[in-house]
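Have a look at the structure below, then the notes.
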Amino acid sequence: MISCKLATSLIIASLAFGGCAAFVDQRAHKRESQAEMDYPPTGQFVTVQGARIHVDVQGSGPDLVLIHGASGNSRDFTFDLVERLKSDFRVISFDRPGMGWSQGLPGTDLSPLAQADVLIAAAGQLGATRPIVLGHSYGGAVAMAWALRANPAALIIVSGATMPFPGDLALWYKVTASTLGGAGIVPLITAFAPESRVETALSDIFTPQSAPKGYADYIGAGLTLRRDSLRVNGRQVDNLKPHLLLMAPDYPRLSLPVEIIHGTADTTVPIDIHAIPLSKRLPNARLTVLDGVGHMPHHSNPDEIIAAIKRAASPRSSP
């Protein structure tokens, strides 16, 4: 959620504040504490292998699991989408391990497969043994991993980062994932990232659409800007490609219903690299292309997302 320009500025600032580690730490801690006061957990906790996993559960009906993307948390869904769904589904919105209010477990800061294992176990504690699973952006990779690990009723992949991609990701992720960047740059981001930069980052994510009114105040960007969250997010994204290379050859064996929704104007996760090739690998996939839509269609085009969920739910059968 932080731009490369801000990263560069903070790298320069690290030189200036190199001798002021105590001051930076104190300011970072203060901002983290304020963020946690401002954006408390919205749901409950389940414990998996000793780690607390935060989950918001609302509604009744078939189980529907929602998995958020990078730099996010379950508030991305509880802002609006859950309200639209809870009359028809029991909606289970997780904070992925290490993000939001969920604690991490070994391997979950590197592997979407390890994250899926944790969320499968957490969902099982809630009685959701064969849910419909929706993943957005990075969460799309975790949803695909869920299908490879278990037997969900159906998948909905929204702007999902699901296929191996050419080249490397932005330097930003390597910096926050690295030992040096995690120790030197990340605390400066937590301590000094201005609200204007956060707003710019949100604008970039939603472009060419705009974030809904009130979204920036609700989502809890301050939770993402905590030091541990920034480091975990960097490692998760920086290590995504090798795991997609590992997972993608197994996609064709998935015969469950899969709804894929993707916008043609998504520059964060391009449709021609991810959604279109994915749809060709899955034997029972339906691709919905949203012309002119960016990376956040569950906010800009919620009716399309809900329609896809209901299509995926309609052929549900007993295990």
Side-chain angles (χ1 to χ4, degrees), residues 41-69 72-105 108 111-158 160 162 247 254-261 284 298 305-319:
T42 63
Q44 65 192 72
F45 290 90
V46 296
T47 301
V48 178
Q49 299 175 32
R52 282 162 40 102
I53 302 300
H54 177 244
V55 56
D56 184 291
V57 182
Q58 298 186 42
S60 61
D63 290 323
L64 170 64
V65 167
L66 306 181
I67 306 174
H68 66 83
N73 56 64
S74 58
R75 285 173 172 264
D76 183 45
F77 295 118
T78 60
F79 174 74
D80 177 66
L81 188 64
V82 170
E83 187 68 27
R84 296 170 180 263
L85 290 165
K86 67 182 185 180
S87 61
D88 297 305
F89 299 92
R90 183 169 74 134
V91 188
I92 302 169
S93 308
F94 283 110
D95 285 349
R96 290 189 293 100
M99 301 301 295
W101 285 96
S102 287
Q103 295 176 324
L105 285 93
T108 57
S111 167
L113 290 161
Q115 291 180 51
D117 290 339
V118 172
L119 297 183
I120 289 166
Q125 292 188 38
L126 299 169
T129 57
R130 196 165 181 255
I132 301 166
V133 178
L134 180 151
H136 170 249
S137 193
Y138 183 101
V142 181
M144 294 301 298
W146 188 309
L148 293 173
R149 292 294 211 205
N151 185 31
L155 291 181
I156 298 92
I157 306 297
V158 180
T162 56
M247 292 163 53
L254 298 175
S255 59
L256 76 170
V258 182
E259 293 280 341
I260 304 169
I261 306 99
N284 195 14
H298 51 304
I305 307 303
I306 294 168
I309 294 169
K310 291 182 175 179
R311 284 196 301 270
S314 62
R316 285 170 61 91
S317 58
S318 299

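Among residues two or more places apart in sequence or in another chain, the side-chain hydrogen bond (donor to acceptor under 3.5 Å, both in side chains) test is passed with Asn73 by none. Looking at residues two or more places apart in sequence or on another chain, you find a side-chain hydrogen bond (donor to acceptor under 3.5 Å, both in side chains) between Glu83 and Lys86. The side chain to side chain contact (heavy atoms under 4.5 Å, CB included) check on Ser93 picks up Asp56, Leu66, Ser74, Phe77, Thr78, Val82, Val91, with sequence neighbours excluded. Residues satisfying the side chain to side chain contact (heavy atoms under 4.5 Å, CB included) criterion with Gln125, sequence neighbours excluded, are Val46, Val48. A search for salt bridge (charged side-chain N to carboxylate O under 4.0 Å, His left out) contacts involving Arg75 returns nothing, not counting sequence neighbours. For His68, there are no side-chain hydrogen bond (donor to acceptor under 3.5 Å, both in side chains) partners, not counting sequence neighbours. Asn284 meets the side-chain hydrogen bond (donor to acceptor under 3.5 Å, both in side chains) test with no other residue; sequence neighbours excluded. A search for side chain to side chain contact (heavy atoms under 4.5 Å, CB included) contacts involving Gln103 returns Ala51, Arg52, not counting sequence neighbours. Listed by chain and residue number, Pro97, Leu105, Ala114, Gln115, Val118 satisfy the side chain to side chain contact (heavy atoms under 4.5 Å, CB included) test with Thr108 (two or more places apart in sequence, or in another chain).
Closest non-hydrogen pair, Pro257 versus Ala153, comes out as CD-O, 3.4 Å. Of all the heavy atoms in Leu155 and Ala147, the pair that sits closest is CD1-CB, 3.6 Å. Shortest non-hydrogen contact noted between Pro152 and Val133 is CB-CG2, 3.9 Å. Counting all heavy atoms, side chain and backbone alike, Pro112 lies closest to Met247 at CG-SD, 4.0 Å. Nearest heavy-atom pair across Gly140 and Ile157 is O-CD1, 3.9 Å. Here the closest heavy-atom approach between residue Phe94 and residue Ala123 is recorded as CZ-N, 3.7 Å.
In this structure, the side chain of Arg130 engages the main chain of Asn151 through a donor-acceptor pair within 3.5 Å. Between the Ser102 side chain and the Asp95 main chain, a donor and an acceptor come within less than 3.5 Å of each other.
The shortest distance between side-chain heavy atoms of Glu259 and Ile309 does not fall below 4.5 Å.
The side chain to side chain contact (heavy atoms under 4.5 Å, CB included) with Phe89 is formed by just one residue from the set Ile306, Asp63, Ile132; it is Ile132.
Taken from NE2 in His298 to CD1 in Ile156, the straight-line distance is 13.5 Å, to the nearest 0.5 Å.
Counting only residues at least two apart or in different chains, salt bridge (charged side-chain N to carboxylate O under 4.0 Å, His left out) contacts with residues 134-149 comprise Asp117-Arg149.
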For this session: Begin from the C-alpha positions of Thr42 and His54 and carry the test side-chain contact (heavy atoms from CB on, under 4.5 Å) through to its verdict.
Result: CA-CA 9 Å; Thr42 63; His54 177 244; 3.7 Å; yes
